[in-house]
Amino acid sequence: MDTLPLHPKLVHLPIALAVLMPLITMVVLVAWWRGRLPRVAWWGVVGLQAVLLATGLYARETGEEDEERVEAVVPEAAIEAHEDAATGFVIGAGVALALAVAAGVVRPRGPALAVAGAAALGTMVVLGLGYRVGQAGGELVYRYGAAAAWAAPTTGSGPGAPGVAAPRDRDDDDD
């Protein structure tokens with residue numbers, strides 16, 4: 001049975017989508033505006049934004065589940081900063097999704113394209129919010145050692161003991 005936390009396995013999908021969505025949204029918007037794609041193509045953007053929101057919600061939920069265990073290792077303020085950033089990310093993704101849906105249903109074409117432009121801007125905001133979440137999550141792991149909450153206890157302290165790295169051989173040119 002895998003004893004590693006689920007949260008770090010899930011967070012990469014919403015963050016990757018947050019990086020890709022501004023590009024995808026702009027390409028589809030421009031193609032729709034120029035008449036190279038039909039209006040119905042916009043629903044692909046809506047679908048991807050919905051996946052971003054759903055995976056963001058799920059990643060946030062799994063982070064909540066891991067919080068108590070990590071609190072033993074990481075200062076609560078750092079956890080709260082990450083949690084607040086995640087909440088902002090999910091809210092932003094929801095707003096961007098609402099704008100994308102609105103662009104798909106608003107008539108006529110001119111106002112629909114304007115709302116689609118607002119949705120595209122929303123995806124850029126979500127990208128910034130995603131960066132903020134990732135930065136705070138990286139601090140938990142790399143600055144505060146959150147991964148230690150799942151480290152296997154060691155039975156010894158010498159090289160070769162579980163969790164203890166063996167020393168590297170040093171050459172004269174390593175200095």
Side-chain angles (χ1 to χ4, degrees), residues 5-71 74-144 146-147:
L6 184 58
H7 179 71
K9 297 171 186 172
L10 296 176
V11 298
H12 297 94
L13 182 55
I15 295 300
L17 282 170
V19 170
L20 295 172
M21 284 307 294
L23 177 63
I24 293 167
T25 303
M26 288 303 299
V27 166
V28 173
L29 174 59
V30 169
W32 175 20
W33 174 62
R34 291 186 172 174
R36 303 218 179 208
L37 282 177
R39 180 186 182 112
V40 71
W42 182 256
W43 290 101
V45 169
V46 172
L48 287 171
Q49 187 63 35
V51 170
L52 189 159
L53 176 59
T55 58
L57 284 166
Y58 192 48
R60 189 179 183 291
E61 179 62 29
T62 60
E64 290 281 338
E65 293 169 6
D66 295 344
E67 181 177 5
E68 192 169 316
R69 188 165 179 174
V70 173
E71 282 177 341
V74 176
E76 190 171 333
I79 294 170
E80 287 179 8
H82 181 54
E83 185 176 344
D84 291 346
T87 299
F89 176 78
V90 167
I91 290 170
V95 170
L97 176 59
L99 288 167
V101 168
V105 297
V106 165
R107 300 279 189 242
R109 185 175 186 271
L113 288 169
V115 176
L121 289 174
T123 65
M124 291 177 210
V125 170
V126 172
L127 172 58
L129 294 169
Y131 179 84
R132 189 172 153 234
V133 174
Q135 180 70 27
E139 286 185 8
L140 290 180
V141 174
Y142 297 107
R143 179 175 290 166
Y144 298 110

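Residue numbers count from 1 along this sequence. Fair warning: this is a prediction, and the values are worked out from it, not measured in the lab.
- You'll find the side chain of Val126 stays beyond 4.5 Å of the side chain of Met21, heavy atoms only.
- Side-chain contact between Leu129 and Arg132 is present, with heavy atoms from C-beta onward closer than 4.5 Å.
- Nearest heavy atom pair, residue Gly56 against residue Phe89, reads CA-CE2, 4.4 Å.
- Partners of Leu13 by side chain to side chain contact (heavy atoms under 4.5 Å, CB included), not counting sequence neighbours, listed by chain and number: Leu17, Thr55.
- Atom CD of Gln49 is separated from atom OG1 of Thr123 by 7.0 Å, given to the nearest 0.5 angstrom.
- Annotation: the span from Glu83 atom CD to Glu76 atom CD amounts to 9.0 Å, rounded to 0.5 Å.
- To the nearest 0.5 Å, the span separating OH on Tyr58 from CG on Leu53 amounts to 15.0 Å.
- The heavy-atom pair separating Ala59 from Val11 by the smallest distance is CB-CG1, 4.0 Å.
- Remark: Thr87 OG1 to Arg60 CZ distance equals 3.0 Å, nearest 0.5 Å.
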Can you give the donor-acceptor pairs under 3.5 Å from side chains of residues 93-116 to other protein atoms, not counting sequence neighbours?
unit_1 : atom_1 : unit_2 : atom_2 : d
Arg109 : NH2    : Trp32  : O      : 2.7
Arg109 : NH2    : Trp33  : O      : 2.5

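- Glu139 CD to Gln135 CD: the interatomic distance, rounded to the nearest 0.5 Å, is 5.0 Å.
- The backbone N or O of Pro22 lies less than 3.5 Å from no partner atom in the side chain of Thr25, so there is not a single donor-acceptor pair.
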Val27 and Leu23: CA distance, side-chain angles, deciding distance, side-chain contact (heavy atoms from CB on, under 4.5 Å) verdict: CA-CA 6 Å; Val27 166; Leu23 177 63; 4.1 Å; yes
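- In this structure the side chain of Tyr131 never reaches within 4.5 angstrom of the side chain of Val19, judged on heavy atoms.
- Taking both residues in full, the closest heavy atoms of His82 and Gly137 are given as ND1-N, 3.2 Å, listed atom of the first, atom of the second, then distance.
- For Leu57 against Val90, the heavy-atom pair with the smallest separation is CD2-CG1, 3.2 Å.
- Nearest heavy atom pair, residue Asp66 against residue His7, reads OD2-CB, 3.2 Å.
- Once rounded to the nearest 0.5 Å, the distance linking CD of Glu80 with CD of Glu67 reads 7.5 Å.
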